[in-house]
J.: 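The structure that follows is given in the form of structure tokens.
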Amino acid sequence: MAQSLSLNLVHVIFSTKDREPTIADEVLTELHGFIAGVVRTFGCECFRVGGVADHVHVAMRLAVTKDAATVVSEMKSASSLWMKQHHGGFAWQRGYGLFSVGPADLDALVRYIDGQAEHHRKRSFEEEFRALLTKYHVAFDERYVWG
């Protein structure tokens with residue numbers, strides 16, 4: 001085959017250090033835009049970045065030449081540096097969640113990310129993340145998820 005083709009749609013989630021609500025409301029939109037820009041510098045398509053004060057969700061398509069770990073690592077390190085430079089001390093928690101998404105589910109994922117503020121009036125990040133791990137059939141040990 002002369003050409004490499006792929007459709008790797010993923011839902012990425014990562015939280016602030018200790019899940020503290022350190023992302024101010026007035027910074028959210030700018031931070032989300034910055035993260036989307038980082039994703040695009042890797043040749044990936046970014047459909048949506050959203051979240052609330054203690055975590056971020058990203059709906060994206062991985063470029064055929066990029067691996068998820070590298071893109072997520074760069075998203076986190078570049079945005080952490082940007083936050084420190086523009087808004088003072090900041091850090092992301094180690095680790096992340098990354099889940100495969102089918103093309104038919106992309107619109108629902110984008111709506112889900114858009115509804116984060118409303119969603120988290122009823123459910124904590126911890127509850128949400130546990131539910132996503134269960135939904136995507138990811139085995140986990142509670143002792144190591146939040147460390």
Side-chain angles (χ1 to χ4, degrees), residues 6-102 105-147:
S6 72
L7 179 62
N8 291 315
L9 302 175
V10 294
H11 177 192
V12 182
I13 306 162
F14 49 94
S15 70
T16 57
K17 186 173 172 80
D18 299 322
R19 295 162 315 285
E20 291 293 326
T22 54
I23 307 169
D25 286 344
E26 60 272 10
V27 176
L28 283 171
T29 301
E30 194 175 6
L31 173 62
H32 297 162
F34 181 84
I35 291 171
V38 172
V39 169
R40 291 181 182 116
T41 65
F42 278 89
C44 301
E45 189 171 357
C46 189
F47 300 102
R48 188 70 88 238
V49 179
V52 292
D54 65 351
H55 70 283
V56 168
H57 291 259
V58 181
M60 61 182 281
R61 177 182 182 173
L62 286 169
V64 69
T65 59
K66 302 300 178 193
D67 66 276
T70 299
V71 175
V72 174
S73 177
E74 187 59 29
M75 265 194 285
K76 290 177 69 179
S77 63
S79 60
S80 179
L81 179 61
W82 180 85
M83 284 289 288
K84 288 174 187 169
Q85 290 173 336
H86 293 87
H87 302 286
F90 182 81
W92 295 114
Q93 187 157 338
R94 291 183 312 140
Y96 57 89
L98 186 137
F99 308 102
S100 299
V101 178
D105 298 321
L106 182 58
D107 288 341
L109 174 58
V110 168
R111 285 191 304 275
Y112 178 77
I113 292 172
D114 287 345
Q116 281 292 292
E118 178 64 28
H119 176 77
H120 285 291
R121 288 190 185 103
K122 303 172 195 162
R123 184 181 240 185
S124 71
F125 170 69
E126 290 88 344
E127 292 168 324
E128 174 188 47
F129 197 68
R130 280 187 203 100
L132 289 168
L133 291 169
T134 301
K135 173 184 175 180
Y136 290 110
H137 304 283
V138 176
F140 65 99
D141 185 329
E142 187 82 26
R143 294 174 297 173
Y144 304 109
V145 172
W146 313 114

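Nothing here was measured: the structure is a model prediction, and the numbers come from that model. Along the sequence shown, the residues carry numbers beginning at 1.
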J.: Between Trp82 and Ile35, does the side chain to side chain contact (heavy atoms under 4.5 Å, CB included) criterion hold? Intermediate values first, please.
T.: CA-CA 10 Å; Trp82 180 85; Ile35 291 171; over 6 Å; no

J.: Could you tell me whether the side chain of Asp18 and the main chain of Glu20 form a donor-acceptor pair under 3.5 Å?
T.: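 Checked: no pair found.
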
J.: Does some side-chain heavy atom of Met60 sit less than 4.5 Å from a side-chain heavy atom of Val71?
T.: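 Side chain of Val71 against side chain of Met60, heavy atoms only: contact under 4.5 Å found.
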
J.: Taking all non-hydrogen atoms of both residues into account, name the closest pair between Gly43 and Ala63 and its distance.
T.: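 So the two residues come closest at O-CB, 3.4 Å.
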
J.: Please determine whether side chain to side chain contact (heavy atoms under 4.5 Å, CB included) holds for the pair Met75 and Val56, giving the CA-CA distance in whole Å, both sets of side-chain angles, and the decisive distance to 0.1 Å.
T.: CA-CA 11 Å; Met75 265 194 285; Val56 168; over 6 Å; no

J.: Taking salt bridge (charged side-chain N to carboxylate O under 4.0 Å, His left out) as the cut-off, I'd like each qualifying pair that reaches into residues 31-48, sequence neighbours left out, listed once.
T.: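 Those involving residues 31-48 are Arg48-Asp114.
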
J.: Can you run down the side chain to side chain donor-acceptor pair (under 3.5 Å) pairs that involve residues 8-17, sequence neighbours left out, and say none if there aren't any?
T.: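 Matches after skipping sequence neighbours: His11-His57, Ser15-Gln93.
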
J.: What are the two closest non-hydrogen atoms of Ala53 and Leu28, and how far apart are they?
T.: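 Taking every non-hydrogen atom into account, N-CD2, 4.5 Å.
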
J.: Compare every heavy atom of Ser80 with every heavy atom of Ala91, then report the nearest pair and how far apart it is.
T.: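 Looking at all heavy atoms of both residues, the shortest contact is CA-OG, 4.1 Å.
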
J.: Any side-chain heavy atom of Trp92 within less than 4.5 Å of one from Ser79?
T.: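 A side-chain contact under 4.5 Å exists here.
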
J.: So, for Arg61 and Cys44, which heavy atoms are closest and what is the spacing to 0.1 Å?
T.: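 Shortest heavy-atom contact: O-CB, 3.1 Å.
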
J.: Starting at OH of Tyr96, measure out to CZ of Phe129 and round the result to the nearest 0.5 Å.
T.: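 Taking OH in Tyr96 and CZ in Phe129, the distance rounds to 11.0 Å.
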
J.: If I take atom CD1 from residue Ile13 and atom CZ from residue Phe125, how far apart are they, to the nearest 0.5 angstrom?
T.: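 These two atoms lie 6.5 Å from each other.
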
J.: Rounded to the nearest 0.5 Å, how far apart are OH of Tyr136 and CG of Leu98?
T.: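 With rounding to 0.5 Å, OH (Tyr136) is 10.0 Å from CG (Leu98).
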
J.: Report the distance from atom CG of Asp67 to atom CG of Leu62, rounding to the nearest 0.5 Å.
T.: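 One gets 8.0 Å once the value is rounded to the nearest 0.5 Å.
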
J.: Calculate, to the nearest 0.5 Å, the distance between atoms NE2 and CD belonging to His86 and Glu30 respectively.
T.: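 These two atoms lie 7.0 Å from each other.
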
J.: Shortest non-hydrogen contact from Val49 to Ile113?
T.: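 Reported closest heavy-atom pair: C-CG2, 4.0 Å.
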
J.: Is it true that Glu127 and Lys122 have a side-chain N and a carboxylate O under 4.0 angstrom from each other?
T.: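 A salt bridge is absent here (no side-chain N lies under 4.0 Å from a carboxylate O).
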
J.: When you look at Thr65 and Phe42, which way does the side chain to side chain contact (heavy atoms under 4.5 Å, CB included) test go after all the steps?
T.: CA-CA 9 Å; Thr65 59; Phe42 278 89; over 6 Å; no

J.: Just to verify, what does Tyr112 make a side-chain hydrogen bond (donor to acceptor under 3.5 Å, both in side chains) with, not counting sequence neighbours?
T.: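 Once residues adjacent in sequence are excluded, the partners of Tyr112 under the side-chain hydrogen bond (donor to acceptor under 3.5 Å, both in side chains) criterion are His119, Glu128.
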
J.: Just how far is it from atom CE of Met83 to atom CD1 of Ile23, taken to the nearest 0.5 Å?
T.: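 Reported to 0.5 Å precision, the distance equals 5.5 Å.
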
J.: Between Tyr144 and Phe140, is the ring centre distance below 6.0 Å?
T.: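 No.
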
